[in-house]
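Each remark here refers to the structure printed beneath this line.
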Amino acid sequence: MSGAVTSSDRLFSAAFLRGLRRVLALGLVVWCVATSLVFVDETEFVIVETLGRISAVYDHVTPESSDRGLHLKWPWPVGLARRFDRRQQVFGLAGRELFTQDKKNLTVSTYLLWRIPPTLDATTPVDERPVVRFFRGLGDRATAEARLEARTRALLAIEMSRVDLAQLLTAATPEARPALQQPLASLAARVLSEIRGEGAVRDLYAEKLGLEIVDLGIHRLNLPEG
C-alpha cells in the first residue's frame, strides 16, 4: 500500500514539475515578447539602448512621416527604452528680488517655454540628434530646468540693472515708440535674445545640449513684501 502511495506521489510530483516548467516557459516567452515591444507615442521621443549603448533613436518628425508607432528591441534588461517628452515645456521661475538701475528692488517672476526639437532628416547621425545630446548632456527635465534657471536669473539681473523703475512702469500710449509700449515685453525679449545668442551660449543649448528655447516672458512684477 505504501509502495502504491509512493508511486502515486512520484507521478504527481513529476506531472506537477512538468506543468510548472511549462508555465514558467510560457511566462518567460510572454515576458520577452512584452519587453521587446516599444510603442512610440506622438508626444514623445524614444532612445533605445542595447547593453548600455544607443542602438536606435525614434525622434524623426516631418509633415509627411514620423517614427511614432510600434518598434522592436531586445528584451529587458538587454534592451532599455528611454522616453522624453517632445512637447513644449512650461517652466515657471519663482519670484526673485532684483535691483533696477536706480537701486529700486523688485520681485520679478518669469516663465520659459522650451522643448527638445525633432530630427527632420532621418539620415542625421545618432550623435548629432537633439534628443541624444539632451540625454547625454542633461539627462532629464529637472536637470535641464535647473541649468536654464541659473542662466535666466543671471541674464535677467543684468538687464534689470540697466533700466530704471520708471521705465518698467511706463504706461503704453498711442504716441509712444514701440520699445516703450511694452516695457516688460521688451525686457523679456532682450533676455531671450541673450539666451538664444550666437557663439558660446548658442552652442551650449542648441548644439551641445539639444535644447531649444521657444519663448521667455515676465508675468509678474511686484514690490518686495517688506
Side-chain angles (χ1 to χ4, degrees), residues 24-94 109-153 191-192 195-197 200-217 219:
L24 291 176
L26 180 60
L28 181 61
V29 171
V30 171
W31 178 80
C32 288
V33 171
T35 59
S36 297
L37 301 177
V38 180
F39 182 80
V40 180
D41 190 77
E42 62 182 2
T43 64
E44 64 185 5
F45 298 139
V46 176
I47 293 176
V48 174
E49 290 182 297
T50 302
L51 295 176
R53 302 185 64 179
I54 296 177
S55 56
V57 180
Y58 302 114
D59 68 335
H60 176 230
V61 178
T62 65
E64 295 78 23
S65 64
S66 71
D67 283 337
R68 67 182 182 182
L70 196 62
H71 302 270
L72 296 175
K73 68 175 182 66
W74 285 97
W76 187 90
V78 176
L80 179 65
R82 299 184 183 274
R83 301 177 182 275
F84 302 85
D85 198 330
R86 59 164 289 200
R87 296 170 293 184
Q88 288 188 13
Q89 307 297 314
V90 182
F91 176 40
L93 284 74
S109 300
T110 59
Y111 67 89
L112 272 172
L113 296 180
W114 65 274
R115 68 166 186 160
I116 303 172
T119 296
L120 302 180
D121 185 357
T123 63
T124 301
V126 169
D127 292 342
E128 297 179 10
R129 297 196 172 205
V131 69
V132 174
R133 288 174 172 165
F134 180 88
F135 169 57
R136 290 174 173 170
L138 297 168
D140 55 30
R141 176 176 177 174
T143 304
E145 292 184 343
R147 184 79 63 90
L148 288 173
E149 181 175 12
R151 182 65 182 170
T152 301
R153 289 195 186 282
V191 176
L192 178 61
I195 295 178
R196 288 174 169 174
V201 176
R202 183 177 180 83
D203 291 343
L204 174 65
Y205 291 113
E207 297 183 12
K208 291 186 178 180
L209 301 180
L211 191 153
E212 179 184 341
I213 311 298
V214 179
D215 195 14
L216 179 146
H219 63 81

*Does H219 offer a backbone N or O that forms a donor-acceptor pair with the side chain of S109 under 3.5 Å?*
no

*asked:* Tell me the closest heavy-atom pair linking E145 and V90, and the distance in Å.
replied: OE2-O, 4.5 Å

*CG/L148 to CD/Q89 distance, rounded to the nearest 0.5 angstrom?*
11.0 Å

*Kindly compute the distance separating CZ (R129) from CG (D121), expressed to the nearest 0.5 Å.*
8.0 Å

*Between OH of Y58 and NZ of K73, what distance do you get to the nearest 0.5 Å?*
10.0 Å

*asked:* Run L37 and L72 through side chain to side chain contact (heavy atoms under 4.5 Å, CB included) and show every step you take.
replied: CA-CA 5 Å; L37 301 177; L72 296 175; 3.4 Å; yes

*First locate atom CZ of F135, then atom CZ of F84, and finally report the distance between them rounded to the nearest 0.5 Å.*
5.5 Å

*Of all the heavy-atom pairs spanning G137 and L209, show the shortest one and how long it is.*
CA-CD2, 3.9 Å

*Output yes when a side-chain donor or acceptor of E212 lies under 3.5 Å from a complementary backbone atom of G210, and no otherwise.*
no

*For V46 and R83, work out which heavy atoms get closest and say how close.*
CG2-NH1, 3.6 Å

*Can you establish whether the number of heavy atoms outside R68 located under 6.0 Å from its atom CZ is more than 12?*
no

*Give, for atom OG1 of T143 and atom CG of D140, the distance between the pair rounded to the nearest 0.5 Å.*
3.5 Å

*Hey, mind stepping through E44 and D85 against side chain to side chain contact (heavy atoms under 4.5 Å, CB included) and telling me if it holds?*
CA-CA 4 Å; E44 64 185 5; D85 198 330; 5.9 Å; no

_Please identify which of these residues, D41, D59, V61, I116, meets the side-chain contact (heavy atoms from CB on, under 4.5 Å) condition with R86._
V61

*Search all heavy atoms of L120 against all heavy atoms of T62 and return the closest pair with its distance.*
O-CG2, 3.3 Å

*Using the side chain to side chain contact (heavy atoms under 4.5 Å, CB included) rule, take L70 and F39 through it: C-alpha gap first, then chi angles, then the decisive distance, then the call.*
CA-CA 4 Å; L70 196 62; F39 182 80; 4.2 Å; yes

_side chain to side chain contact (heavy atoms under 4.5 Å, CB included) between D215 and Y111, intermediate numbers included_ = CA-CA 8 Å; D215 195 14; Y111 67 89; 4.2 Å; yes

*For residues I54 and R136, report the shortest heavy-atom separation together with the two atoms involved.*
CD1-NH2, 3.7 Å

*asked:* Testing the basics here: between R82 and L80, what is the closest heavy-atom pair and its distance to 0.1 Å?
replied: NH2-CD2, 3.6 Å

*Measure the OG1-CD1 distance between T152 and I195 for me, rounded to the nearest 0.5 Å.*
3.5 Å

